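Some notes on the structure that comes next.
None of these values were measured; they are calculated from a predicted model.
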Amino acid sequence: MSTYRVSGKGRVNRGETVRFTFDGTSYEGYRGDTIASALLAHGVHLMGRSFKYHRPRGPVAAGTEEPNALVGTSRGKGRFEPNTRATAQELRRGLTVESQNKWPNLKFDVGGINDRMYMLFSAGFYYKTFMWPRSFWDRVYEPIIRAAAGLGRPPEDLDPDRYASRYLHTDLLVVGAGPAGIAAALAAARAGAEVTLMDEHAEMGGSLLSDPDVTIEGAPAWEWLATQLAELDRLGVRRMTRTTAIGYYHQNMVGLCEKLTDHLDDVPADAPRERMWRVRANRVVLAQGALEKPLVFDGNDRPGVMLAGAAQTYLNRYGVKVGDRAVIVTSHDSAYYAAFDLADAGTRIAAIVDTRDTPRDDLAQEAKRRGIDLLAGHTVTGTSGRLRVKSVRVARVSGGKVTDGRAVACDCLLMCGGWTPSLHLFSHTKGTLKFDDALQAFLPDYSAEDCHIAGAGRGLWGYEATLSDGNAAGVAAAVALGHEAQESRIEVQGDRPGTGVTHKELPTDGQPGRARAFVDFQNDVTAKDIRLAVREGMRSIEHVKRYTTNGMATDQGKMSNINGLMIASDAVGKAPPQVGLTTFRPPYTPTTFGTFAGYHRGGHFEVTRKTPIDAWAESHGAAFEPVSLWRRAWYFPKAGEDMDAAVARECAATRNSVGIFDASTLGKIEVQGPDAVEFMNRMYTNPWTKLGIGRARYGLLLGEDGFIRDDGVIGRLAQDLFHVTTTTGGAARVLTMMEDYLQTEWPDLDVWLTSTTEQWATIALNGPNARRVLEPLVEGQDMSAEAFPHMSVAECRVAGFPARLFRISFTGELGFEINVPARHGLALWEALMKSGAQYDICPYGTETMHVLRAEKGFIIVGQDTDGTVTPGDANLSWAVGKKKPDFVGMRSLARPDLVAPGRKQLVGLMTGDGKVKLEEGAQIVADPNQPKPMKMLGHVTSSYYSAALGRHFAMALIEGGHEMEGREVYVPMPDGNHAAKITTTAFYDPEGERLKV
């Protein structure tokens, strides 16, 4: 087995070996190892190359904060994943691992030439270098930059894995199952709260897994831990491992990513790989601990240079010593405990380099007892070694000067610059932070959510302090939930408390301008890059971040933000809180696209909504098109027909006899309540007070800017009830807009809004014989023109089903829209088809609907409008109430630019040759021979062939179009310039006589 395993150490299962490959070489680890711990056990520190300089890199941490050891992993065909953290991925049999960002191999990488030329690649070099000559950008610079961008290679095959998602409601969610989190969960569960405890590691315990020698309440740490986890199970606490909280959102919604099968040798059939949990918790305890900070000095990124706490974790949790001869450089007490653990396990500690002049006496005595050379008031100024650190340069610091530098041989350098409270999730909630001068760290301040921070996350250090604080947080959460609970102190023997000092960067005896002291390992950002950014005018920390890329990408500043801030604040000459932190964004750790997609893939990627009549349309040969989220019948071709022929036939049949159309996708909203009329008056341009019960009216909805947002026919069913229809694509948008106004602007109105789009199936009958088809099926309503005139609505029964029957038309023909409960939609359709058989009833689709409405000049919002069209522009001034006191958008209609001449207005277009079909979207000019660039007057919005007119026609938005009727304009198209005459938009039956019969 490997030479760096330590007998009697670790929690891995030494009885079960697991083989895997790294860059084609086979290695062996134990069940419970990560890729990193298994490779370190074989003495392999080199695991990748850096992004910009292609410098050799090895693991610096032992968890998901790892910036260096990013590898590609493969679990079979289609299951390749780049940028997997070797420190977090558990071993499984047959796992294939490859290093990244190298060619031709990891030890000899041609890209390493960048490291030799590092002085040319300072911060922002690409902003300055690729400016000249401009002609090089498209053909030279951009292709090179794109080829070099990214880290790791993307997957090449479709992902065959499944991903799941679930919702969870719980009294208390505890994020982080370290000492504080376990204590919080226990306190709340004992009080009777329903508790969910989660942690991103394979087992719970947090820092206790790396500190087995601590004694808690009289028991060794691991024994105490097992007892508490058993009690949590007995209390019914939901325990979730391998689960990361990736985002903390409003009203205590926390997103969790649970890894389910990546650690399994044999994955059960159809088992999901990962699951997204959307957790809604009454209270949240954040017990995420703190992250160890690297120290910033020249050569701090070589393989073999890692965090002291990480080395302690590899030893005590995985049974792996990271080297035979170590040097520790620290500004915090915690590194001493790591040094002592390694020394006791057989690693020779060549020196402890403490940047402080006076280390804690008990720690100094322990170092002396073990024969460790303690160099207080010293610093590290550099390292040597090509593929792994071989020595470290140590120097004395006296009076601010660095002297007496000497090399100390080592095969690993363990560093500790103190600890940074992990507050990413807390910051997601817009919770505020305060800067603690003593700790030189940001701590949680005001919380915008019902959450508590416990333990190291709020600056506490030592097991007794964090355990007791976790207990207090759990008690506070339980009391807030209405339970009775009392705080208790948890006693710890052999505790490991600590303090330290913070350095922006370590002093050096070299040339500061040539030092490569890395702040952000992942993005190759050095201390001098940050100082250069400040010198070049980047005073905001957000600008510094973007200019240097410090804290960007998957790291999100976990390892680099505080060090970068300290250096930037020193360069700016301001205190750290005045400079501030950059924004932390979810996800907290990198998360697969599959987890976010969940079940939404393939045919489920975007849910296709189908009407109750969809199956009938499919069985009768309909061609379909997507409209918003719906699948709609586009046209119904007969044998030998293309779309144009089918649409022409459907149009003619509807105009001459009767056509039937599935309009179920129209948005439908019920507006109900004592103030329903007032609400409608305020939302829509039209007046509604005098609209009688049983009558309908066209409604026009504007935005606050005065531009058309939606339209539809609205029927009044009772004094306090309106049936509102919207466009298919506008249903959700209109309801959201209504709710927004009702809740924020007019909360005094007594109104309820209910979406009923899916409640009703809607069938439109249009044509001269529409009444004859429908009348035999209607009960409870006189269907004569006198009793049921145009723009009427009634509640009755149709084909035996309860119905809301409208007499309206979107075709210009006699028309009806029948709404029945969705479950009866297909039966009604079949009944109408049977009744209309004697009149050669013709089903038609959306394309025919578009032609028929365009022949009448009826608009489609979003096609004949573009977000800048007013009612006047669209020939709809008649739909704006002249005496209304106010409505949404009313005041904007009086703005000078909305009444100025030359606005684009909706008009009709007729080409001289009726066989020419103008292209929708084609630009319109006054003179095709004008010098370029041509002045564009507008564009074609709708263009169709009309069977009724026997020719093509179009509608367009043209500058000052209403004043140009009768004039000729030109439409340049690929086959030439086509002249067209501007007309009104009412092409067919302009007086509307056909729909009044």
Item to check | Those residues that, when tested against Pro590, pass side chain to side chain contact (heavy atoms under 4.5 Å, CB included) (two or more places apart) | outcome: Arg85, Thr554

Checklist entry - With distance as the sole test, does Thr549 use its side chain to make a donor-acceptor pair with the main-chain N or O of Arg546 at under 3.5 Å? => result no

Item to check | Over-ring placement of Lys430 relative to Tyr446, 6.0 Å and 45° cut-offs | outcome: no

Checklist entry - Tell me, do Leu443 and Pro421 make a side-chain contact under 4.5 Å, heavy atoms counted? => result yes

Next on the checklist: Could you check whether Asp524 pairs with Arg57 (Lys NZ or Arg NE/NH1/NH2 to Asp/Glu carboxylate O, under 4.0 Å)?
Outcome noted: yes

Checklist entry - Does the salt bridge (Lys or Arg N to Asp or Glu O under 4.0 Å) test come out yes or no for Arg356 and Asp333, once each step is laid out? => result CA-CA 10 Å; Arg356 300 167 295 178; Asp333 294 339; 2.8 Å; yes

Item to check | Side-chain donor/acceptor of Thr87 to backbone N/O of Gly63, under 3.5 Å | outcome: yes

Next on the checklist: Tell me the closest heavy-atom pair linking Val285 and Ala454, and the distance in Å.
Outcome noted: CG1-CB, 4.2 Å

Checklist entry - How far does CD of Gln312 sit from CG of Leu307, to the nearest 0.5 angstrom? => result 12.0 Å

Next on the checklist: Does either side chain, that of Asn282 or that of Asn252, offer a donor lying less than 3.5 Å from an acceptor on the other one?
Outcome noted: no

Checklist entry - Which pair of non-hydrogen atoms, one from Trp222 and one from Asn316, has the smallest distance, and what is that distance? => result CH2-O, 3.3 Å

Next on the checklist: Can you tell me how far apart SG (Cys451) and CG (Leu173) are? Round to the nearest 0.5 Å.
Outcome noted: 10.5 Å

Item to check | Spatial distance of atom OG (Ser207) from atom CZ (Arg496) [nearest 0.5 Å] | outcome: 10.5 Å

Item to check | side-chain contact (heavy atoms from CB on, under 4.5 Å) between Phe584 and Leu423, worked out | outcome: CA-CA 9 Å; Phe584 296 122; Leu423 296 172; 5.5 Å; no

Checklist entry - Under 3.5 Å, is there a donor-acceptor pair between the side chain of Glu194 and the main chain of Leu172? => result no

Checklist entry - Can you list the steps and then say if Asn471 with Glu487 is a side-chain hydrogen bond (donor to acceptor under 3.5 Å, both in side chains)? => result CA-CA 6 Å; Asn471 173 267; Glu487 294 183 24; over 6 Å; no

Next on the checklist: Can you tell me how far apart CD1 (Ile182) and CG (Leu232) are? Round to the nearest 0.5 Å.
Outcome noted: 7.0 Å

Checklist entry - Can a donor-acceptor pair be found between the side chains of Arg275 and Tyr163 at a distance below 3.5 Å? => result no

Checklist entry - In Å and rounded to the nearest 0.5 Å, what is the CG to CZ distance from Asp469 to Arg489? => result 9.0 Å

Checklist entry - Rounded to the nearest 0.5 Å, how far apart are CD of Gln493 and CD of Glu217? => result 9.0 Å

Item to check | With Ala290 via side chain to side chain contact (heavy atoms under 4.5 Å, CB included) - residues at least two apart | outcome: Trp419, Ala456

Checklist entry - Is Lys545 salt-bridged to Asp520, cutoff N-O under 4.0 Å? => result no

Next on the checklist: Using the rule side-chain hydrogen bond (donor to acceptor under 3.5 Å, both in side chains), only one of His201, Glu90, Glu258 pairs with Arg242; which is it?
Outcome noted: Glu90

Next on the checklist: Any side-chain to backbone donor/acceptor pair from Asn523 onto Val525? Under 3.5 Å, distance only.
Outcome noted: no

Checklist entry - Quick check: does any side chain N or O of Gln743 sit under 3.5 Å from a backbone N or O of Asp740, one acting as donor and the other as acceptor? => result no

Checklist entry - At their closest point, which heavy atom of Phe442 faces which heavy atom of Leu433, and how far apart are they? => result CD2-CB, 4.0 Å

Checklist entry - Should we count NE2 of His543 as having more than 12 external heavy atoms under 6.0 Å? => result no

Next on the checklist: Keeping Ser540 on the side-chain end and Glu542 on the backbone end, is there a donor-acceptor pair under 3.5 Å?
Outcome noted: yes

Checklist entry - Can you list the steps and then say if Arg190 with Glu484 is a salt bridge (Lys or Arg N to Asp or Glu O under 4.0 Å)? => result CA-CA 10 Å; Arg190 287 167 179 164; Glu484 294 184 3; over 6 Å; no

Next on the checklist: Tell me if a side-chain donor or acceptor on Asn83 pairs with a main-chain N or O of Leu70 at a distance below 3.5 Å.
Outcome noted: no

Checklist entry - Taking all atoms of both residues into account, what is the closest heavy-atom pair of Ala62 and Tyr314, and its distance? => result CA-OH, 3.5 Å

Next on the checklist: Counting C-beta onward and ignoring hydrogens, is there a side-chain heavy-atom pair between Ser334 and Trp461 closer than 4.5 Å?
Outcome noted: yes

Checklist entry - Run the side-chain contact (heavy atoms from CB on, under 4.5 Å) check on Thr196 and Val174 step by step: do they pass? => result CA-CA 6 Å; Thr196 299; Val174 181; over 6 Å; no

Next on the checklist: For Val475 and Gln486: C-alpha separation, side-chain torsions, deciding distance, then whether side-chain contact (heavy atoms from CB on, under 4.5 Å) applies.
Outcome noted: CA-CA 6 Å; Val475 167; Gln486 294 291 328; 5.9 Å; no

Checklist entry - Are Thr592 and Glu274 close enough that a side-chain donor and a side-chain acceptor fall under 3.5 Å? => result yes

Item to check | Flag, side chain of Ser37 to backbone of Thr34, donor-acceptor distance under 3.5 Å | outcome: yes

Checklist entry - Is there a donor-acceptor pair closer than 3.5 Å between any side-chain N or O of Asp301 and the backbone N or O of Phe518? => result no

Next on the checklist: Restricting to non-hydrogen atoms, name the atom on Gly58 and the atom on Glu66 that form the minimum distance, rounded to 0.1 Å.
Outcome noted: O-OE2, 4.0 Å

Item to check | Gln440 vs Val501, side-chain contact (heavy atoms from CB on, under 4.5 Å): CA-CA, chis, key distance, verdict | outcome: CA-CA 8 Å; Gln440 288 288 287; Val501 297; over 6 Å; no

Next on the checklist: Does either side chain, that of Thr330 or that of His332, offer a donor lying less than 3.5 Å from an acceptor on the other one?
Outcome noted: no

Checklist entry - Are there more than 12 heavy atoms of other residues, nucleotides or ligands under 6.0 Å from atom CD of Glu491? => result no

Checklist entry - Salt bridge or not for Asp33 and Arg11, using N-O below 4.0 Å? => result no

Next on the checklist: If only side-chain N and O atoms count, and only distance matters, is there a donor-acceptor pair under 3.5 Å linking Tyr547 with Asp529?
Outcome noted: no

Next on the checklist: For His169, give me all partners under side chain to side chain contact (heavy atoms under 4.5 Å, CB included), at least two apart in sequence or on another chain.
Outcome noted: Arg280

Checklist entry - Donor-acceptor pair, Asp450 side chain versus Arg283 backbone, under 3.5 Å? => result no

Checklist entry - Strictly under 6.0 Å, is that where the ring centroids of His428 and Tyr248 end up? => result no

Next on the checklist: Check this for me: Lys9, atom NZ, are more than 12 non-hydrogen atoms of other residues, nucleotides or ligands nearer than 6.0 Å?
Outcome noted: yes

Item to check | Nearest atoms (heavy-atom pairs only) where Ala517 meets Val296 | outcome: CB-CG1, 3.6 Å

Checklist entry - Which of parallel (below 30°), tilted (30 to 60°) and perpendicular (above 60°) describes Phe340 and Tyr337? => result perpendicular

Checklist entry - Are Lys259 and Glu200 close enough for a salt bridge, meaning some N to O gap below 4.0 Å? => result no

Item to check | Under 3.5 Å side-chain donor-acceptor pair for Asn561 and Thr582 | outcome: yes

